[in-house]
Amino acid sequence: MKSPHRPRNGPRRATRYVGWVTSELPTVVLVDDAADVRALVKARLRLSGRFDVVGEGGTGADAVALVRQHRPSLLLLDVSMPVMDGLEALPLVRQVSPETRVVLYSGFEEQGLADRGRELGAAAFLEKSASVERVPDELAGVLADDRPAVPPEERPVPEEASPDLADAHILAEHVERFREVFEEAVIGMATLTLNGQVVRANKALAALLDRPAAELVGTAYAGVAIGTEAERLTSAVTDLCQGLADLVEVQHTISTRSGPREIRATLASVRGDRGQPLYLTLQAQDVSDQRRSAEELRQSEERFRLLVEAVEDYAIFMLDTEGRVASWNTGAYRIKGYTAEDVLGRHFRLFYPARKQRERHPEHELELALRDGRYEEEGWRVRKDGSTFWANVVITAIRNASGEHVGFAKITRDVTSRRRTLEDQERAADALAVVNDQLEAMNERLTRAVADQAQFLAVTAHELRGAVGVLGGSADMLAQHWAELTDGERTDMFDGMSASAGRMRRLLADLLTAARLEAGTVALDRRPVPVAEVLGAAAMSAHQLRPDAEVLVDSPADLEALADRDRFAQAIDNLLANALRHGAPPVMLSARRSDGRVEVRVVDSGPGVPDAIRERLFERFATGERLGTGLGLFIVRELARAQGGDAWYESDDAASPGHAFVLSLPCG
């Protein structure tokens, strides 16, 4: 059924039936090469209930065909599209349906483009940066009174959108910065549709083309070129839009009031998140001065050639692409001894030692120079008379204006005297480094000795304070409260005083023994000593001090060591005390004869000595994580060595699992 309100040749309206009442909606055709944009706008128009979308397309040609078919009330037309863009399609749309109101809908900014659109017959201009929620209102306003749509920066922001104001302001700041950079750029810049028409041009491009920026909007950039160069520009646009290239550079000539200019134009495509081209960017520079500079460059090169030929301190010469000598200066003759007649046309490998020639080192240098643009090294080179010199060599790959490789420039300098000086300096530096290493080692040992001595003094003071405190406190308690104390309490105090006195005696004995060992004044009475007796006495003494500690003895009854009995016993006591202090019970004292010597092993059930302290285990004042004077093991080893033996620590390994302190003495 036809609507009685639709003119035969006018814009069509869709008819809806609600109950017995009919209503007509304005019809809309959407044309945009981005399908997702079309889907979003179409859905918003449908949900508004105010428009009926009767057709959609993706090119300017689609716009013309759809308008001819539907004669819609409104055409929402994208600007940048392939094949035919919106600016090209707009006049054709107006021809086939003058009554259809065309609204340009673009991602480009309104500046200049809206005016050009109105000149071509557009009713309004909408930027895609505007919220899609406002599109129905904007279109309704266009139909209502033929007023232009409000530019985005002038549109009021609804209250419900206030949470996004910060993002909007940030975006506005970025856009404003881009506008400033775009407008104030010193090179010509423009934004083009996918068909090559200018939608925005900056001041530099307008000045370069000698035309107002507003006049450039809506014109094809290819039209500024002369003759066949315009075809090259059009072809470049096609390649970019079809994805055959992402960036194209074209050099062309234009005519201005001041005369012809040579322009280098760089065109690039801007693509969407799916890789589809959205629009093109243009950068244009005036390269006319390059032509005027050509003669100056030639003259400069001639002066440089004369200068190179006169240089005597550097061998400066050219090689062809294969490495054959193509030029020869005075410096090359002075340094290498060859005349130009000797070397022109010969491969430059003749300057290298025979071994380097066999290794094809000269050819390798050229490969690196060609790959990296430049190669530098120092090495021995050979003169015509067979003598050698140390050379600094720089090889540079030379290319012509088209980028074609045409040869190499080679600069050689005789730096033999500098090398000899450097070698002397290196030898002096090596000697100084050795001395520095020795000084650092001595300093490290001194620092460690100071730290160890400080640790020793602190521990000794701790031991003395503890023992003196027990003796003094117990004596005061007994003197002041004897009658009030029980027999058990008095006995405990006497035992504590006895133990403290014993610790002080042992500490004093260690100090005196260490001092005598250092001075070499230890008196020894060496004679055969029953080892089992010494080990048993040490175990009994340890049990008296540590009743909870289990100490086991395993020694043949007839085993004797040639030693000073008291010093032997002192060493065993120190090893046993060390095991009980730093290890864990049970502790095993075992003795065996081995190769004419007696070896006593002290093994505890603890984790063993940490790796960090093993190397310094028997040094004076060396201590682990637990407190100790650091004299015990030092005295053990020094007493053993004074009696013709030694002491060491055996750690876990595959052949001998477990760990042990070993005291070795001669057999009795």
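None of the values given here were measured: they were computed from a predicted structure.
Pairing each heavy atom of P277 with each of R271, the nearest pair is CD-NH1, 3.5 Å. Between F317 and S327, the shortest heavy-atom contact is CB-O, 2.8 Å. The two residues S97 and R71 make their nearest non-hydrogen contact at OG-CD, 3.6 Å. In this structure, T59 and V31 approach most closely via the heavy-atom pair O-CG1, 3.2 Å.
Every residue two or more places apart in sequence or in another chain that forms a side chain to side chain contact (heavy atoms under 4.5 Å, CB included) with R418 is listed here: E378, R413, V415, L422. Residues forming a ring-ring contact (aromatic ring centres under 6.0 Å, His included) with F389 (at least two apart in sequence, or on another chain): none.
Taking 4.5 Å as the limit, some side-chain heavy atom of F182 sits within range of a side-chain heavy atom of R200.
Counting non-hydrogen atoms of other residues, nucleotides and ligands closer than 6.0 Å to CZ of R334 gives a total above 12.
Remark: L192 CG to L267 CG distance equals 6.5 Å, nearest 0.5 Å. Taking CD1 of I187 as the reference point, atom CZ of R264 lies at 11.0 Å (rounded to 0.5 Å). The CG atom of L366 sits 9.5 Å away from the CZ atom of R349 when rounded to the nearest 0.5 Å. A distance of 12.5 Å separates CD of E133 from CD of E138, quoted to the nearest 0.5 Å. Separation of atoms CG (L278) and CG (D33) is listed at 7.0 Å; rounding is to 0.5 Å. Summarising the geometry, atom CD belonging to E341 is positioned 12.5 Å from atom CZ belonging to R346; distances are rounded to the nearest 0.5 Å.
In summary, of the residues considered (L30, L76, V28), a side-chain contact (heavy atoms from CB on, under 4.5 Å) with E56 occurs for L30 alone. Partner of T100 under the side-chain contact (heavy atoms from CB on, under 4.5 Å) criterion, chosen from V67, T27, L74: V67.
Judged purely by distance below 3.5 Å, without hydrogens or angles, the side chains of T193 and D85 pair a donor atom with an acceptor atom.
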Practice problem: Would you please test D210 and R257 for salt bridge (Lys or Arg N to Asp or Glu O under 4.0 Å) and show each step? | Solution: CA-CA 7 Å; D210 201 12; R257 288 185 297 240; 2.7 Å; yes
Practice problem: Might you work through the salt bridge (Lys or Arg N to Asp or Glu O under 4.0 Å) test for E404 and R399, ending with a clear yes or no? | Solution: CA-CA 5 Å; E404 179 185 2; R399 300 180 182 276; over 6 Å; no
Exercise. Start with the C-alpha gap between D137 and R50, add the side-chain angles, then the distance that decides, and say whether salt bridge (Lys or Arg N to Asp or Glu O under 4.0 Å) holds.
Key: CA-CA 9 Å; D137 292 337; R50 300 159 66 183; 2.7 Å; yes
Quiz item: Can you check ring pair (Phe, Tyr, Trp, His ring centres under 6.0 Å) on Y338 and F351, steps first, answer last?
Solution: CA-CA 10 Å; Y338 291 95; F351 309 133; 5.6 Å; yes
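Under the 6.0 Å cut-off for aromatic ring centres, F348 and W328 do not qualify, their centroids lying 6.0 Å or more apart. Ring centroid separation for the pair Y375 and H364 does not come in under the 6.0 Å cut-off.
Applying the ring-ring contact (aromatic ring centres under 6.0 Å, His included) definition to pairs two or more places apart or across chains, those involving residues 270-290 are F108-Y279.
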